[in-house]
Amino acid sequence: MPVARPETSDSRIIAHVDMDCFYVQVEQRKQPHLRGQPTAVVQYNSWKGGGLIAVGYEARKDGVKRSMRGDEAKKVCPQIQLVQVPVARGKADLTIYRNAGSEVVSILARKGRCERASIDEVYLDLTEAAEAMLKETPLESLESIDEEVLKSHVLGLSVNGNDEKEIVREWLTRRDADHRDKLLACGAIIVAELRMQVLRETEFTCSAGIAHNKMLAKLASGMNKPAQQTIVTLASVKGLLEPLPIKKMKQLGGKLGSSLQTDLGVDTVGDLLQFSVEKLQDLYGSNTGTWLWNVARGISGDEVEGRLLPKSHGSGKTFPGVRALKTVAAVEKWLKELCEELSERLQLDLETNKRVAHTLTLHAHAYKSTDTDSHKKFPSKSCPLRYGAGKILEDSVNLFQAGLCEFLGSYMNSADGGWGITNLSVTASKIVAVPSGTCSITKYFHGQDRFHASLEPSDEKFAPEDDNLSTSMTESRSASHQTEIGGEQPQITHDTSSFDQYETTCKDEASANCSTSKHHEPQPRLPEKERNTNDGKRSYEQKRKAPKEKGTSSILRFLQPSSCSSSNQEAKCLSSGVQEAFGMESESLTESQNKRRTDSWRYNVDDIDQSVVEELPPELQEEVRTWLRPQKQVKANTEKRGSSIAHYFSPNKNEHTNPKKS
DNA sequence: ACGGTTTATACT
DNA sequence: TAGTATAAA
């Protein structure tokens with residue numbers, strides 16, 4: 001898992017931004033009366049009051065912990081407000097939190113390369129921005145520095161609590177500071193500004209760490225919460241790491257960390273320093289070994305990825321204890337729920353980000369009651385992903401049955417086999433941007449009769465739902481090369497290609513809206529009007545004026561429940577507006593759809609006449625030929641069901657046809 | 001088998 | 001590759 005990367009360019013400026021008890025903040029924005037009250041978000045289990053998945057800071061003061069059940073929390077803190085995670089299709093639905101996370105990402109992505117690390121965490125590479133700032137404004141000449149910056153925690157600076165801010169100001173503006181510390185100071189200024197922007201535009205507070213690499217930035221972001229930022233100076237690194245319990249380091253919280261403790265007696269990061277690279281490589285392999293050696297010294301070359309969107313979508317549920325699923329029928333029922341959720345999210349991703357997923361994977365946990373050794377591993381299975389809830393369900397059921405057979409072994413297939421499923425999940429991965437490219441091959445499939453006819457859709461009719469699917473699959477291949485260059489920068493403006501038109505006419509206005517929007521915003525599309533006219537404007541003014549008055553620009557100011565009373569109402573409107581905007585029709589499987597959910601369009605590769613290719617415009621010929629080349633793979637896949645063109649474009653093939661980043 | 005549900009990544 | 005394992009939030 002940990003992989004050693006050479007420290008490339010030195011003196012990068014990296015920030016890690018971490019939302020404070022994020023789910024709680026989301027709920028407090030939705031229900032402003034909860035602000036200032038001890039609150040926690042629970043996942044409704046009806047067992048002991050549900051499990052807490054986020055705890056607000058007021059409740060933490062009262063001793064409420066994340067590992068508690070709702071009932072225990074009530075005991076410790078009787079006034080606690082427990083908010084349930086929304087439920088849809090019989091399972092927890094995290095949509096509102098995902099969308100809120102995307103709001104934040106779209107703001108943080110403004111200043112530099114941005115990596116969405118989780119639903120509520122982001123890494124930023126601010127190197128260029130910091131260098132630019134330092135170049136044009138020498139820090140020592142800075143006269144006004146925002147309060148929020150002055151409240152930064154500078155590691156290694158006097159803990160003498162008296163005039164903290166003046167000391168920080170002094171540090172920030174020190175003429176003889178190391179160049180790298182000056183860059184950090186610039187980073188801190190930028191991050192403070194970004195955090196204030198996040199607060200203004202989303203009402204969420206966050207904490208941040210500013211350092212020279214991801215590892216240290218991440219470490220620092222958690223050191224002063226909530227709503228504060230921490231700078232890891234060069235000089236502080238050694239003292240910071242030395243006494244740090246080894247398990248606090250990212251990647252060492254699990255078995256590897258335990259091994260270091262029990263096998264090597266390494267309890268702190270400092271303890272690691274005594275081991276030579278060779279020794280560590282010897283013990284843990286060359287990658288992990290050098291990685292560990294670097295960790296001990298605060299060295300980490302991991303790059304900020306520049307990815308605003310998730311790489312996979314999954315939907316899953318556990319069925320603990322007696323609730324374990326014991327019949328295939330029960331499994332199918334729940335697979336249907338999971339697949340519908342997944343399909344909806346895939347559809348949304350396609351519409352708003354123009355991306356398609358290529359692989360479907362089913363995971364399960366199961367037990368056999370015959371084995372007292374209850375928990376066996378249920379094999380995960382995957383297959384090419386076909387769009388449409390019905391197809392995803394069909395494929396998932398097949399994957400499950402394949403897995404079940406393996407799980408149960410040769411036979412034991414009988415009625416009361418005595419097995420149970422305790423966890424089920426479906427995941428869509430290998431998501432690639434479908435080019436909105438100018439060189440769209442789609443029109444040849446839809447527009448040109450000859451080509452269309454020769455390709456012969458394998459089956460009779462196709463559900464409309466499926467249709468647009470194959471369209472996108474097809475297109476995705478074609479344009480892969482041209483797009484892939486900048487990585488998948490999802491929010492590229494899309495022109496109105498034939499694909500876009502097609503999709504737009506087929507889909508609801510939400511998508512139409514999105515294709516015409518020029519905003520480069522990640523996933524969920526905020527209701528722009530609402531945001532800008534209602535909320536955006538208000539907070540904008542608030543902020544503009546705030547910095548003038550002394551001490552008011554602080555982020556803490558926004559935290560006071562009383563001070564934002566005027567905004568509460570608007571906040572409420574806003575959030576319901578958000579919800580509305582995201583309410584999407586769920587694609588339910590009608591009876592008829594299920595009946596003829598035969599495969600959409602399939603083009604049997606073997607049926608494609610070479611002469612057809614020659615009739616294409618030259619620039620497309622090349623493209624198509626590359627698709628047709630790897631016949632071998634196809635054969636393998638063909639036995640079960642006809643191969644589709646989509647199958648040719650298995651993602652790995654991209655790597656050959658795509659000029660990766662040059 | 002219970003903090004549950006997601007995501008990511010490396011290894012094989 | 002697909003499948004497994006580990007880690008984190």
**Prompt:** Taking everything shown except Lys74(A) itself, do over 12 heavy atoms lie less than 6.0 Å from its NZ?
**Reply:**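 For Lys74(A), atom NZ is not crowded (no more than 12 foreign heavy atoms under 6.0 Å).
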**Prompt:** Got a sec: does the CZ of Arg66(A) have more than 12 other heavy atoms crowding it under 6.0 Å?
**Reply:**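 Not buried by this count: 12 neighbours or fewer within 6.0 Å.
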Atom pairs under 3.5 Å: protein N/O with N/O of nucleotides 3-7 of chain B:
from, atom 1, to, atom 2, distance (Å)
dT5(B), OP2, Thr318(A), N, 2.6
dT5(B), OP2, Thr318(A), OG1, 2.9
dT6(B), OP1, Arg98(A), NH2, 3.3
dT6(B), OP2, Lys91(A), NZ, 2.9
dT6(B), OP2, Gly316(A), N, 2.7
dT6(B), OP2, Gly316(A), O, 2.7
dT7(B), OP1, Arg98(A), NE, 3.2
dT7(B), OP1, Arg345(A), NH2, 2.9
dT7(B), OP2, Gly314(A), N, 2.7
dT7(B), OP2, Arg345(A), NH2, 3.3

Pairs of donor and acceptor atoms involving the side chains of residues 252-261 of chain A, under 3.5 Å and at least two apart or interchain, shall be tabulated with distances.
from, atom 1, to, atom 2, distance (Å)
Ser258(A), OG, Lys247(A), NZ, 2.6
Ser258(A), OG, Gly254(A), O, 3.2
Ser259(A), OG, Asp263(A), OD2, 2.9
Ser259(A), OG, Tyr284(A), OH, 2.6
Gln261(A), NE2, Asp267(A), OD1, 3.3

**Prompt:** Taking atom C1' in both dG4(B) and dA2(C), what distance in whole Å separates the two?
**Reply:**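 Approximately 27 Å lies between the C1' atom of dG4(B) and that of dA2(C).
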**Item:** Pairwise C1' distance, dG3(C) and dG3(B) [rounded to whole Å]
**Value:**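 Approximately 27 Å lies between the C1' atom of dG3(B) and that of dG3(C).
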Enumerate, atom names and distances included, each donor-acceptor pair closer than 3.5 Å involving a side-chain atom of residues 50-62 of chain A, sequence neighbours excluded.
from, atom 1, to, atom 2, distance (Å)
Arg60(A), NE, Val55(A), O, 2.9
Arg60(A), NH2, Val55(A), O, 3.0

**Asked** Hey, is the side chain of Thr422(A) poking within less than 4.0 Å of OP1 or OP2 on dC2(B), counting only N and O atoms?
**Response**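 No, outside the criterion.
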**Contact under 4.0 Å: Lys218(A) side-chain N or O vs dA8(C) OP1/OP2** =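 Checking Lys218(A) against dA8(C): no side-chain N or O falls below 4.0 Å of OP1 or OP2.
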Taking [atom1] from [X] and [atom2] from [N], how many angstroms apart are they, rounded to a whole number?
X: Lys250(A); N: dA8(B); atom1: NZ; atom2: P; result: 11 Å
X: Met249(A); N: dA9(C); atom1: CE; atom2: P; result: 12 Å
X: Glu305(A); N: dA10(B); atom1: CD; atom2: C1'; result: 14 Å
X: Leu362(A); N: dT4(C); atom1: CG; atom2: P; result: 11 Å
X: Leu252(A); N: dA8(C); atom1: CG; atom2: P; result: 7 Å
X: Leu256(A); N: dA10(B); atom1: CG; atom2: P; result: 14 Å
X: Asn287(A); N: dA5(C); atom1: CG; atom2: P; result: 20 Å
X: Glu115(A); N: dA9(C); atom1: CD; atom2: P; result: 14 Å

**Asked** Do we get Lys391(A) above Tyr387(A)'s six-membered ring, with its NZ or CZ under 6.0 Å from the centre and within 45° of the axis?
**Response**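 Ring-cation test returns no.
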**Request:** State which of dC11(B), dA7(C), dT4(C) makes the closest approach to the side chain of Lys255(A).
**Result:**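 Looking only at heavy atoms from C-beta outward on Lys255(A), the closest nucleotide is dA7(C).
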**Message:** Nearest to the side chain of Ser380(A), heavy atoms from C-beta on, is which of dT4(C), dA2(C), dA9(C)?
**Reply:**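 The nucleotide sitting nearest to the side chain is dT4(C).
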**Prompt:** Just checking Asp120(A): base, sugar-phosphate only, or nothing, at a heavy-atom cut-off of under 4.0 Å?
**Reply:**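 If one applies the 4.0 Å heavy-atom cut-off, Asp120(A) turns out to touch the sugar-phosphate alone, with no base involved.
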**Prompt:** What are the two closest non-hydrogen atoms of Glu351(A) and Lys354(A), and how far apart are they?
**Reply:**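 Minimum heavy-atom separation between Glu351(A) and Lys354(A): O-NZ, 3.6 Å.
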**Request:** Say whether Thr95(A) and Asp93(A), considering side chains only, have a donor N or O and an acceptor N or O under 3.5 Å apart.
**Result:**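 Judged by distance alone, the side chains do pair up.
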